[in-house]
Amino acid sequence: MGCAILLGSLAGITGCEEAAPTIIPKAVVVEQVTTATVPLYGNYIGVTKASLDVEVRARVNGFVEDKSFIEGSGVKEGSVLYRIDDRPYVAVVNRLKANMESQQSMLEKAQRDVERLKPLYEQDAASQLDFDNALSVLSQAKSSLAASKAQLEEAQLELSYTSIRSPISGLVSRSEVDIGALVGSSGQSLLTRVKQVDPIYVTFNMSALDYLNARRRMTSYSEKKEAESEGKAVEGFVTITLPDNSEYRYLGDVRFTDPSVNPETGTFQVRAELPNPDKELLPGQYTNVRIKLNEVDNAIVIPQKATQVEQGGVYVMVVLPDNKVERRFIVIDHQGPMGVVVQSGLKAGELVIVEGMHRVRHGQVAEPLTADQYHKKEDSKEKQQALEQQKLEQIQEQK
């Protein structure tokens, strides 16, 4: 009887025991840690400037008769911008022309006198004094004619200055004078400005540390000497942004670097030149400038979305070979377009979670999937749920 009671008790205990729960790993999306050559960029605030900014000034005195341009429009080199009343200068030119013709006549007479006296002097029919006087008059006539020509050329030059032309091709600024205004040394000298905006400059300030990193890119002595001889201690191409924050389609080439550092800011100025054929950029615009400073070889790179930040620092969730999840703190060296460059804490080939970190904790088991595998699994699950829902609806309709 005791054995029967014992066996019955054991059977009752066995029937009350439940099966151990099955742990279902949580699906997460992982990416493998890779190594790559990562460029290091410097980002700055730049200002665009005209590559040429020329003041148009009156060289002679006079009253403005005509203004033949539209303010703000494009002008070609040599096109007439203003006309000054040229009548006083035409009168001077005409007077000097007449004077030069008179001097030419005197020269021709002096030449005839010398030609007539020379054979007489050689035959002792004319005195030495008469011949010397004739030669002297001829020399004076030549000098007077040369002086008259110089005066006429000067007057003609001043006459040409009454037509004020654009010294370069570019965009003309507003007019500083109106028609009828007195210009020149006796009046308003500055008339307008012409700015060349194709190509256009962008200037920005680099720190001394960025300068050092950029110089380290030049591995050979010849590269450094060539850059210095061209006036650019920093070499490279820059990219800038437009006012809508889109990237400008043309690259800029660094053309000039200031040879000294501003002691107040610890920076030095760099100037790059960019094509601007469509006038998308205008002088005085602020823009974001980016330039490549250096490269990191064999860098550990992970996606930005794989990192999490807490009070203790930056960490990632790593899936170990046994599919257990480990929370691991890392040290970041650099962040850029390619991702996060990790200085320490990770090795190439490890798996980091990029999606689904909220589903798992440190020490739990996870199911590592690629993005494609994860999305296929989710699609299959949604289809299964849709089919089950459809069956339930059909059963309800039959009832």
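Nothing here was measured: the structure is a model prediction, and the numbers come from that model. Heads up: numbering here begins at 1 and tracks the sequence.
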* Straight-line distance of S344 OG to L346 CG, nearest 0.5 Å -> 9.0 Å

* Asked: Looking at CE of M206 and CZ of F204, how far apart are the two atoms once the value is rounded to the nearest 0.5 Å?
  -> 6.0 Å

Could you go through residues 305-322 and list every donor-acceptor pair under 3.5 Å that involves a side-chain atom there, pairing it with any protein atom two or more places apart or in another chain?
| residue | atom | partner | partner atom | Å |
| --- | --- | --- | --- | --- |
| T307 | OG1 | Q304 | O | 2.8 |
| E310 | OE1 | R327 | NH1 | 3.2 |
| D322 | OD1 | K324 | N | 3.2 |

* **Short side-chain donor-acceptor distance under 3.5 Å, D85 and T162** => no

* To the nearest 0.5 Å, how far apart are CG in N323 and CD in E367? -> 8.5 Å

* **Test of ring centre spacing under 6.0 Å for Y82 and F69** => yes

* To do: May I have the step-by-step check of side-chain hydrogen bond (donor to acceptor under 3.5 Å, both in side chains) for Y44 and D210, ending in yes or no?
  => CA-CA 11 Å; Y44 314 95; D210 289 344; 2.7 Å; yes

* **Verdict with supporting geometry, R249 and E247, salt bridge (Lys or Arg N to Asp or Glu O under 4.0 Å)** => CA-CA 6 Å; R249 65 181 181 274; E247 189 171 291; over 6 Å; no

* Drop me the distance from S51's OG to I168's CD1, to the nearest 0.5 angstrom. => 7.5 Å

Which atom pairs, one a donor and one an acceptor, fall under 3.5 Å between side chains of residues 91-101 and the rest of the protein, sequence neighbours left out?
| residue | atom | partner | partner atom | Å |
| --- | --- | --- | --- | --- |
| N94 | ND2 | V90 | O | 3.3 |
| N99 | ND2 | S148 | OG | 3.2 |

* Asked: Do Q285 and P243 touch side chain to side chain, with heavy atoms closer than 4.5 Å?
  -> yes

* Asked: Can you name the closest pair of heavy atoms from V341 and A299 and give their distance?
  -> CG1-CB, 3.7 Å

* If we only count heavy atoms from C-beta on, is the V270 to V254 side-chain gap below 4.5 Å? -> yes

* Donor-acceptor pair, side chain of T192 and main chain of R174, under 3.5 angstrom -> yes

* Asked: Mind checking whether L152 and Q156 have side chains closer than 4.5 Å, heavy atoms only?
  -> yes

* Do E77 and R165 sit within salt-bridge range, that is, some charged N less than 4.0 Å from a carboxylate O? -> no

* Is it true that the side chains of R271 and T203 contain a donor and an acceptor less than 3.5 Å apart? -> no

* Does the side chain of L274 reach to within under 4.5 Å of the side chain of V202, using non-hydrogen atoms? -> yes

* To do: Using distance alone, with no hydrogens and no angle criterion, decide if N276 and E280 have a side-chain donor and acceptor under 3.5 Å apart.
  => no

* Looking only at non-hydrogen atoms, find the nearest pair between L351 and P368 and report the distance. => CD1-CB, 4.5 Å

* Asked: Between I45 and V289, is any pair of side-chain heavy atoms under 4.5 Å apart?
  -> no

* Joint hydrophobic cluster, M106 plus L135, side-chain heavy atoms closer than 4.5 Å -> no

* Separation between CD of E71 and OG of S73, rounded to the nearest 0.5 Å -> 9.0 Å

* Asked: Have D372 and T370 got a donor and an acceptor in their side chains that come within less than 3.5 Å?
  -> no

* Asked: Is any side-chain N of the basic residue among E55 and R193 closer than 4.0 Å to the acidic one's carboxylate O?
  -> yes

* Structure fact -> Scanning both residues in full, the closest heavy-atom pair of T48 with L282 reads OG1-O, 2.6 Å

* Asked: Say you draw a straight line from CZ of F131 to CG of L117; how long is it, rounded to the nearest 0.5 Å?
  -> 7.5 Å

* Asked: Between R328 and E350, is the closest basic N to carboxylate O distance under 4.0 Å?
  -> yes

For a quick test of your reading: what N or O donor-acceptor pairs under 3.5 Å do the side chains of residues 31-38 make, sequence neighbours left out?
| residue | atom | partner | partner atom | Å |
| --- | --- | --- | --- | --- |
| Q32 | NE2 | G349 | O | 3.4 |

* Asked: Below 4.0 angstrom, N of the basic side chain to O of the carboxylate: do D198 and K279 qualify?
  -> no

